[in-house]
Amino acid sequence: MAIYLTKESKVLVQGMTGAEGMKHTRRMLAAGTRVVGGVNPRKAGRTVDFDERAVPVFGSVREGVEHTGADTTVVFVPPAHAKDAVAEAVDAGTALAVVITEGIPVHDSVALTAYAAARGTRVVGPNCPGLISPGRSNAGIIPPDITGPGRIGLVSKSGTLTYQLMHELRDIGFSTCVGIGGDPVVGTSHVDCLAAFQDDPDTELIVLIGEIGGDAEERAAAYIRDHVTKPVVGYVAGFTAPEGRTMGHAGAIVSGSSGTARAKKEALQAAGVRVGDTPTETARHVVAVLGGTAPDGAAR
């Protein structure tokens, strides 16, 4: 089983005919994703060949949904058009919109996530790498060949750290990896993914990757304490970040003691989460928990 994205998911790509859309559509197809069409009003009626696979281009998401039964869309459009692209996908009835676009104005992100939530469409992102259910489907830009299917569920703000943990834990494998994005406003939260992984019978352990800024990790810690019975291993990026300065993601800013890596680590540990000081140590925690021992060799 997987969360949000399965082998049955039918995927449209908004912006498929652009450079990034073409590149990543080819990779998604190679990973087994059921890409059923692209969307570009100026190129409607054409087909695009991807290694002998012809993918039709539709003039709108609604047209694509009507012709293919698509339930998922991946958005590769410029920031200025992202809000309208998501609204179009929502109005067409797609269940999942994966918004890869970065640089979307915050007020647009607020509008698009609220519009989608009110109408029952889940948004992953914006400014995210997407999500992958290894061996089943891949929606976004996550490299599909760095891990395989397995027992771990991963939710992360950081794309790069998503890839690193997937690679370091490739011998165990993953049920689903979700890169939720690090912008101040995102459609799917740590808590959303924790709830889904808790209900997924194929997920035995959850890895949560956070970073400085905001209070998402503290809210995740509270949810873990009250609702999650599966083991959770965490990592928080940004211990060396200076206070008061935005670092990397637009949401990664620390003000005083609020949003610091240390405060997040302490909150997660208080909820029973094993938190690594480095990604590699975090991976060792995962191996230890699944093997039934603590990192020092003691029995759990």
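Since we're looking at a predicted model, the values are computed, not measured.
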* Atom CD of Glu102: over 12 foreign heavy atoms under 6.0 Å -> no
* Say whether Ser133 and Thr176, considering side chains only, have a donor N or O and an acceptor N or O under 3.5 Å apart. => yes
* Are side-chain N/O atoms of Asn40 and Thr17 paired as donor and acceptor at under 3.5 Å? -> yes
* Asked: Do Tyr223 and Asp192 have a side chain donor and acceptor closer than 3.5 Å?
  -> no
* Asked: Just by distance, with hydrogens left out, do Thr203 and Ser175 show a side-chain donor and acceptor under 3.5 Å apart?
  -> yes
* Can we say Arg284 and Glu168 salt-bridge, meaning some charged N sits less than 4.0 Å from an Asp/Glu carboxylate O? -> no
* With a 3.5 Å cut-off and no angle check, do the side chains of Ser158 and Glu211 form a donor-acceptor pair? -> no
* **Path from Leu131 to Leu12 over hydrophobic side-chain contacts below 4.5 Å** => no
* **In one Ile/Leu/Val/Met/Phe/Trp/Tyr side-chain cluster, 4.5 Å: Val228, Phe197** => yes
* To do: Would you name the heavy atoms of Ile212 and Ala261 that are closest together and state the gap between them?
  => CG2-N, 3.6 Å
* Interatomic spacing from NE2 in His285 to OH in Tyr235 - rounded to 0.5 Å -> 12.0 Å
* What are the two closest heavy atoms between Phe50 and Met22, and how far apart are they? -> CE2-O, 3.5 Å
* To do: Decide whether Leu112 and Val39 are clustered together by the hydrophobic rule: side chain heavy atoms of Ile, Leu, Val, Met, Phe, Trp, Tyr closer than 4.5 Å, transitively.
  => no
* Asked: Hey, what do you get for NZ (Lys23) to OG1 (Thr25), rounding to the nearest 0.5 Å?
  -> 11.5 Å
* Hey, could you give me the CG/CZ distance between Leu169 and Phe174, rounded to the nearest 0.5 Å? => 4.5 Å
* Validation row: Ile132, Met166 side chains within 4.5 angstrom (heavy atoms) -> yes
* Criterion side-chain contact (heavy atoms from CB on, under 4.5 Å) on Glu20 and Ile141, from CA distance to verdict -> CA-CA 9 Å; Glu20 291 299 306; Ile141 65 174; 5.7 Å; no
* Asked: If you count the non-hydrogen atoms of other residues, nucleotides and ligands that lie under 6.0 Å from NE2 in His167, is the total more than 12?
  -> no
* What pairs with Asp200 under salt bridge (charged side-chain N to carboxylate O under 4.0 Å, His left out), at least two apart in sequence or on another chain? -> none
* Point-to-point distance, once rounded to the nearest 0.5 Å, from CE of Met16 to CZ of Phe58 -> 9.0 Å
* Is it the case that one hydrophobic cluster holds both Val65 and Val55, taking links as side-chain heavy atoms less than 4.5 Å apart, direct or via other members? -> no
* Close side-chain approach of Leu194 and Leu208, heavy atoms under 4.5 Å -> yes
* Test item: Leu96 and Asp71 side chains (from C-beta on) under 4.5 Å apart, heavy atoms -> no
* Given side-chain contact (heavy atoms from CB on, under 4.5 Å), test Val232 with Leu205 step by step and report yes or no. => CA-CA 6 Å; Val232 182; Leu205 178 146; over 6 Å; no
* Could you tell me whether the side chains of Glu88 and Ser60 share a donor-acceptor contact shorter than 3.5 Å? => no
* Asked: Does the pair Lys265/Asp277 count as a salt bridge with the N-to-O cut at 4.0 Å?
  -> yes
* To do: Please determine which of Val90, Val185, Val186, Val99 meets the side chain to side chain contact (heavy atoms under 4.5 Å, CB included) test together with Val123.
  => Val99
* Linked, directly or transitively: Val57 and Val77 (ILVMFWY side chains, under 4.5 Å) -> no
* **Residue pair Gly59 / Pro41: nearest heavy atoms and the distance that separates them** => O-CG, 3.4 Å
* **Spacing of Leu290 atom CG and Glu204 atom CD [to the nearest 0.5 Å]** => 6.5 Å
* Which atom pair, heavy atoms only, marks the closest approach of Ala221 to Ala267? -> CB-O, 3.4 Å
* Between Asn138 and Ala31, which heavy-atom pair has the shortest distance, and what is it? -> CB-CB, 4.0 Å
* Test side-chain contact (heavy atoms from CB on, under 4.5 Å) applied to Ser9 and Thr72, step by step -> CA-CA 7 Å; Ser9 298; Thr72 299; 4.1 Å; yes
* To do: Decide, yes or no, whether a salt bridge links Lys264 with Glu218 under the criterion of side-chain N to carboxylate O below 4.0 Å.
  => yes
* Structure fact -> Note: Thr73 and Thr94 closest approach over all heavy atoms is CG2-OG1, 4.3 Å
* Gap separating the CD atom of Gln198 from the CD1 atom of Ile224, nearest 0.5 angstrom -> 10.5 Å
* To do: Using a strict 4.0 Å threshold on nitrogen-to-oxygen distance, state whether Asp51 and Arg26 make a salt bridge.
  => yes
